[in-house]
A.B. asks: 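Below is the structure I would like to discuss, written out as structure tokens.
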Amino acid sequence: MNKLHIALSGLLLAIGSIAATPEAEACSRILYVGQDSLYVVGRSLDWKTPIPTNLYVYPRGIEKVGSDKPNAVRWTSKYGAVYAVGYDGGVTEGMNEKGLVINGLFCKGTVYDNAQTATRPPMSMSMFVAWLLDNNATVDEVAEVLKEHNFSLSGATFDEGTVSALHWGVTDASGKSIIFEFDHGNINIYEMGDYRAMTNDPNWPSMTAIIDYWNKKGGQNTLPGTVSSPDRAVRANYFAHHVKKTGEADLGVSITRSILVNSSVPYTYEIETEPNVSSTQWRSYADTRDMRYYFDIVTNPGYYYIDLKKCNLEKGAKILKLDTSKHTQIVGEANKYLDKNPGFTPMY
């Protein structure tokens, strides 16, 4: 069997898994590799209805708990970070002061626990990303925590019972990236290598088979154009490999934004036969070198960023919040719109 047949076999297996989940949610994540240590992680959050998301900046030295269940995971944050918090109750993604970026994307079929892991210290989905960002500086450190697996992860629900079934992309300031997925209590960790994009379903091994298949066809001749998860991943991966490399932060973010828009779902996109189709609600761009976290709500006239280097992240500093529903006209640096806040209340 030649390489093209092998790739096609993987493609057909992956398509079969997608066909079983026609209402797959749509999110995309890309890595832009520039010059002079510039790496930008772009992510789109897609859902069938708007997900209110506010930005919080948390300093170091805050005691936190992962769940309201007995014997939950507890920690004191080593690093300050900016979080994107959905419904003011759960951290969907963020970047810490060391340039570590973590993004969670929907992945149907995810099962977090099994009989063995369910007895470990509880960790709520609402605090999971915060826990990893608070305590780790690099991808390797995150991988070690995941391999130890001294926690039991419970998936929160929202929008009248939707379960947060996710997989995650992790990138640090060196550009090193991993993807990790839960499979019935087991955590599978994959190094991204030269791949530059991830989306939702199918799982990572099947997704790379699809990307490899289209790479062999040649993206300059043909690329898949639908809003399905594999098609978006293929397009994003191809374009992320075929754009100019720059060390200029603003240009790098602009390039990342243009790639991500190309793999997003148009706002208010509708198909009669798919009433629950998702469209892009917002995008983020994390510059791991310059410590800027950009936020791009699709209904706003512009996008803006939090400069972590200008935030007081010392122990004892105040928690800060940017209310995105209140500030809709911001363009550029948004630090002055951060207000002191007691912090969000986790949806355990």
Side-chain angles (χ1 to χ4, degrees), residues 29-43 55-64 66 73-85 91-104 123 127-148 150-151 168-180 187 189-192 196 198 247 249-250 252-253 256 284-295 305-322 333-335 338 343-344:
R29 184 186 193 268
I30 63 171
L31 174 64
Y32 170 74
V33 178
Q35 295 176 332
D36 302 326
S37 300
L38 177 64
Y39 299 98
V40 181
V41 178
R43 180 264 175 82
L55 306 184
Y56 284 81
V57 175
Y58 272 68
R60 310 172 205 122
I62 297 181
E63 295 182 1
K64 301 178 185 179
V73 177
R74 293 180 177 274
W75 70 96
T76 300
S77 56
K78 292 170 59 178
Y79 306 111
V82 55
Y83 308 142
V85 181
V91 180
T92 60
E93 66 167 43
M95 178 175 68
N96 71 17
E97 62 180 297
K98 295 298 183 179
L100 182 70
V101 181
I102 303 178
N103 315 84
M123 169 62 67
M127 293 297 292
F128 182 51
V129 170
W131 176 55
L132 294 175
L133 289 173
D134 288 355
N135 294 293
N136 300 283
T138 67
V139 161
D140 289 340
E141 290 179 12
V142 171
E144 285 303 311
V145 171
L146 297 173
K147 290 174 184 177
E148 292 173 2
N150 294 325
F151 61 91
W168 288 266
V170 187
T171 299
D172 62 26
S174 73
K176 186 172 183 177
S177 300
I178 60 171
I179 289 170
F180 66 93
I187 304 177
I189 303 172
Y190 307 98
E191 291 195 13
M192 283 195 72
R196 303 280 173 82
M198 68 177 288
D250 290 341
V253 172
T256 307
S284 67
Y285 318 98
D287 173 354
T288 67
R289 183 191 68 186
D290 303 294
M291 302 303 162
R292 291 179 174 182
Y293 178 82
Y294 296 73
F295 208 61
Y305 64 89
I306 302 297
D307 189 336
L308 271 185
K309 288 185 176 180
K310 295 182 180 180
C311 294
N312 183 359
L313 302 177
E314 296 291 336
K315 180 179 179 179
K318 297 295 184 181
I319 297 169
L320 302 174
K321 174 184 178 180
L322 191 155
E333 185 184 316
N335 286 44
L338 291 164
F344 69 94

A.B. asks: Show your working on ring-ring contact (aromatic ring centres under 6.0 Å, His included) between Tyr56 and Phe344 and close with a plain yes or no.
C.D. replies: CA-CA 8 Å; Tyr56 284 81; Phe344 69 94; 5.7 Å; yes

A.B. asks: Leu31 and Gly175: which non-hydrogen atoms are nearest, and at how many Å?
C.D. replies: CD2-O, 3.8 Å

A.B. asks: Give every donor-acceptor pair under 3.5 Å between a side-chain atom in residues 141-148 and any protein atom, sequence neighbours left out.
C.D. replies:
unit_1: Glu141; atom_1: OE1; unit_2: Ala137; atom_2: N; d: 2.8

A.B. asks: Taking all non-hydrogen atoms of both residues into account, name the closest pair between Ala286 and Val101 and its distance.
C.D. replies: CB-CG2, 3.7 Å

A.B. asks: Roughly how far apart are Asp250 CG and Arg292 CZ, rounded to 0.5 Å?
C.D. replies: 6.0 Å

A.B. asks: Do the non-hydrogen side-chain atoms of Asn103 and Trp168 ever get within less than 4.5 Å of each other?
C.D. replies: no

A.B. asks: Quick one: does Asn312's side chain get under 4.5 Å of Pro59's, heavy atoms only?
C.D. replies: no

A.B. asks: Leu322 and Ala334: which non-hydrogen atoms are nearest, and at how many Å?
C.D. replies: CD1-CB, 3.7 Å

A.B. asks: Test side chain to side chain contact (heavy atoms under 4.5 Å, CB included) on Asp287 and Leu38; report intermediate values, then the result.
C.D. replies: CA-CA 7 Å; Asp287 173 354; Leu38 177 64; 3.4 Å; yes

A.B. asks: Could you check whether any side-chain heavy atom of Arg196 comes within less than 4.5 Å of a side-chain heavy atom of Ile30, counting everything from C-beta outward?
C.D. replies: no

A.B. asks: Can you name the residues that form a salt bridge (Lys or Arg N to Asp or Glu O under 4.0 Å) with Arg29, not counting sequence neighbours?
C.D. replies: none

A.B. asks: side-chain hydrogen bond (donor to acceptor under 3.5 Å, both in side chains) between Ser284 and Glu93: does it pass, once the steps are laid out?
C.D. replies: CA-CA 9 Å; Ser284 67; Glu93 66 167 43; 2.5 Å; yes

A.B. asks: Lys64: what forms a salt bridge (Lys or Arg N to Asp or Glu O under 4.0 Å) with it, not counting sequence neighbours?
C.D. replies: Asp134

A.B. asks: With a 4.5 Å limit on heavy-atom distance, are the side chains of Val85 and Leu55 in contact?
C.D. replies: no

A.B. asks: Given Cys311 and Asn335, is the side chain to side chain contact (heavy atoms under 4.5 Å, CB included) satisfied, shown in steps?
C.D. replies: CA-CA 8 Å; Cys311 294; Asn335 286 44; 3.6 Å; yes

A.B. asks: Sequence neighbours left out, what passes ring pair (Phe, Tyr, Trp, His ring centres under 6.0 Å) with Phe151? Give chain and number order.
C.D. replies: Phe128, Trp131, His149

A.B. asks: Can you list the residues that meet the salt bridge (Lys or Arg N to Asp or Glu O under 4.0 Å) rule with Lys310, with sequence neighbours excluded?
C.D. replies: Glu333

A.B. asks: Answer whether the closest heavy-atom distance between the side chains of Val57 and Ile319 falls below 4.5 Å.
C.D. replies: no

A.B. asks: Kindly write out the residues that satisfy side-chain hydrogen bond (donor to acceptor under 3.5 Å, both in side chains) with Tyr285, not counting sequence neighbours, or none if the list is empty.
C.D. replies: Asp296

A.B. asks: Give, for atom OG of Ser77 and atom CG of Asn135, the distance between the pair rounded to the nearest 0.5 Å.
C.D. replies: 7.5 Å

A.B. asks: Supply the atom-to-atom distance Glu191 CD to Phe180 CZ, rounded to the nearest 0.5 angstrom.
C.D. replies: 14.5 Å

A.B. asks: Restricting to ring pair (Phe, Tyr, Trp, His ring centres under 6.0 Å), what partner residues turn up for Tyr293, sequence neighbours left out?
C.D. replies: none

A.B. asks: Who passes ring pair (Phe, Tyr, Trp, His ring centres under 6.0 Å) against Tyr39, sequence neighbours left out?
C.D. replies: none

A.B. asks: Only counting residues at least two apart or in another chain, list the ones meeting side-chain hydrogen bond (donor to acceptor under 3.5 Å, both in side chains) with Thr256.
C.D. replies: none

A.B. asks: Do Leu100 and Thr138 come within less than 4.5 Å of each other through their side chains, counting heavy atoms only?
C.D. replies: no

A.B. asks: Okay, side chain of Asn96, backbone of Gly99: is any donor-acceptor separation there less than 3.5 Å?
C.D. replies: yes

A.B. asks: Going by the rule side-chain contact (heavy atoms from CB on, under 4.5 Å), which residues pair with Ser174 if we only count those two or more places apart in sequence or in a different chain?
C.D. replies: Asp172, Lys176

A.B. asks: For Met291, enumerate each residue passing the side-chain contact (heavy atoms from CB on, under 4.5 Å) test, keeping only those at least two apart in sequence or located in another chain.
C.D. replies: Leu308, Lys309

A.B. asks: Between Leu133 and Tyr79, is there a side-chain heavy-atom distance shorter than 4.5 Å?
C.D. replies: no

A.B. asks: Quick one: CD1 on Ile102 to CG on Leu132, what's the gap to the nearest 0.5 Å?
C.D. replies: 4.5 Å

A.B. asks: Going by side-chain contact (heavy atoms from CB on, under 4.5 Å), name the residues that satisfy it together with Arg60, two or more places apart in sequence or in a different chain.
C.D. replies: Glu97, Leu313, Glu314

A.B. asks: Testing the basics here: between Asp290 and Ala249, what is the closest heavy-atom pair and its distance to 0.1 Å?
C.D. replies: OD2-CB, 3.4 Å

A.B. asks: Where do Val129 and Gly94 come nearest, in terms of heavy atoms and distance?
C.D. replies: CG1-N, 4.4 Å

